[in-house]
Amino acid sequence: MSYDLVLWKRSSRTKTAMLKECFESIMEEKDHTAMDFFDEKTFFTDMETEFGTQQAQYFGEEIDDCPFLYETGKGDYGNCILFNLVWSDYQDTTSNIVAIAVKNGIMVYDPQRESVYGNRRPKKD
């Protein structure tokens, strides 16, 4: 069993009510107007500091030592990252991922709790 988190940058045209719709679109492998683009490279550099060297779908030396798997997505409106966290470590891992995401201006959606972290309205263009 895994604990899931989805990360994306909130666009300036997003209304808070759109966040669940955006999550549902991501789960259907579509993007949504509530998304915007963020710099994955910078985010993943910060993740390496916390979790070890980035590999394809995990961080660290061995896949069994990483507390999550991830995949990235990109569409016309923005990009996203879907994390599948190991259930036994999800609380600490969630805290670490949320801190890194918020530092990078990225929002985190927790579908289990239907909660959002880092949901700040960006400045209008």
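What you see is a predicted model; the values in this text were computed from it and never measured. Just so you know, residue 1 is the first one in the sequence shown, and it goes up from there.
- Side-chain contact check for Asp46 and Asn104: at least one donor-acceptor pair (N or O, by modelled atom type) lies under 3.5 Å.
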Audit row: Gln57, Ile63, side-chain contact (heavy atoms from CB on, under 4.5 Å) steps and yes/no: CA-CA 9 Å; Gln57 296 191 327; Ile63 194 167; over 6 Å; no
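- Linking ILVMFWY side-chain heavy atoms closer than 4.5 Å, directly or via other members, places Leu7 and Tyr109 in two distinct hydrophobic clusters.
- The 12-atom threshold is not exceeded at CD of Glu61, counting heavy atoms of other residues, nucleotides or ligands nearer than 6.0 Å.
- In this structure a side-chain-to-backbone donor-acceptor pair under 3.5 Å is missing from Ser2 to Trp87.
- Proximity of Trp8 to Leu19: side-chain heavy atoms (C-beta onward) are separated by under 4.5 Å at one or more points.
- In this structure, the side chain of Asp110 does not engage the main chain of Val116 through any donor-acceptor pair within 3.5 Å.
- Classified by interplanar angle (parallel below 30°, tilted 30° to 60°, perpendicular above 60°), the ring pair Phe59/Tyr70 is tilted.
- Residues Asp36 and Arg10 are not paired through a salt bridge, judged by the lack of any N-O separation under 4.0 Å between the basic side chain and the carboxylate.
- Looking at Glu71, its side chain never comes within 3.5 Å of a backbone N or O of Ile81 through a donor-acceptor pair.
- Note that CG of Asn96 and OG1 of Thr49 are 12.0 Å apart. Values are rounded to the nearest 0.5 Å.
- For the atom pair CE of Met107 and CZ of Phe38, the computed distance is 10.5 Å after rounding to the nearest 0.5 Å.
- Distance CD/Gln54 to SG/Cys66: 10.5 Å, rounded to 0.5 Å.
- Across Ala34 and Met18, no two heavy atoms sit closer than the pair CB-CB, 4.2 Å.
- Atom CZ of Phe44 has more than 12 neighbouring heavy atoms from other residues, nucleotides or ligands inside a 6.0 Å radius.
- Checked by atom type and distance alone, the side chain of Asn84 never pairs as donor or acceptor with a backbone atom of Asp4 at under 3.5 Å.
- The minimum heavy-atom distance linking Gly105 with Lys9 is given by the pair O-CG, 3.8 Å.
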Evaluation steps, side-chain contact (heavy atoms from CB on, under 4.5 Å), between Leu82 and Met27: CA-CA 9 Å; Leu82 172 63; Met27 293 297 94; 3.8 Å; yes
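- Within a 6.0 Å radius of CD in Glu62, no more than 12 heavy atoms belonging to other residues, nucleotides or ligands are found.
- Looking at every heavy atom in both residues, Phe83 comes nearest to Ile97 through CD2-CD1, 3.9 Å.
- Linking Ile, Leu, Val, Met, Phe, Trp and Tyr residues whenever their side-chain heavy atoms come within less than 4.5 Å leaves Phe23 and Leu5 in two separate clusters.
- In plain terms, the two heavy atoms of His32 and Ser25 that are nearest each other are CD2-OG, 3.5 Å.
- Ring centroid separation for the pair Phe51 and Phe68 comes in under the 6.0 Å cut-off.
- Atoms OH and CG, from Tyr90 and Leu85 in turn, are 10.0 Å apart once rounded to the nearest 0.5 Å.
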Tyr3/Arg113 under side-chain contact (heavy atoms from CB on, under 4.5 Å): CA gap, chis, key distance, verdict: CA-CA 10 Å; Tyr3 193 91; Arg113 294 186 175 148; 3.7 Å; yes
Tyr117 vs Asn119, side-chain contact (heavy atoms from CB on, under 4.5 Å): CA-CA, chis, key distance, verdict: CA-CA 6 Å; Tyr117 306 93; Asn119 182 23; over 6 Å; no
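- Formation of a donor-acceptor pair under 3.5 Å by the Asp31 side chain with backbone atoms of Tyr77 is found in this model.
- The line from CG of Asp39 to CD1 of Ile106 is 8.5 Å long, rounded to the nearest 0.5 Å.
- The shortest non-hydrogen separation linking Glu40 to Cys80 is OE2-O, 4.2 Å.
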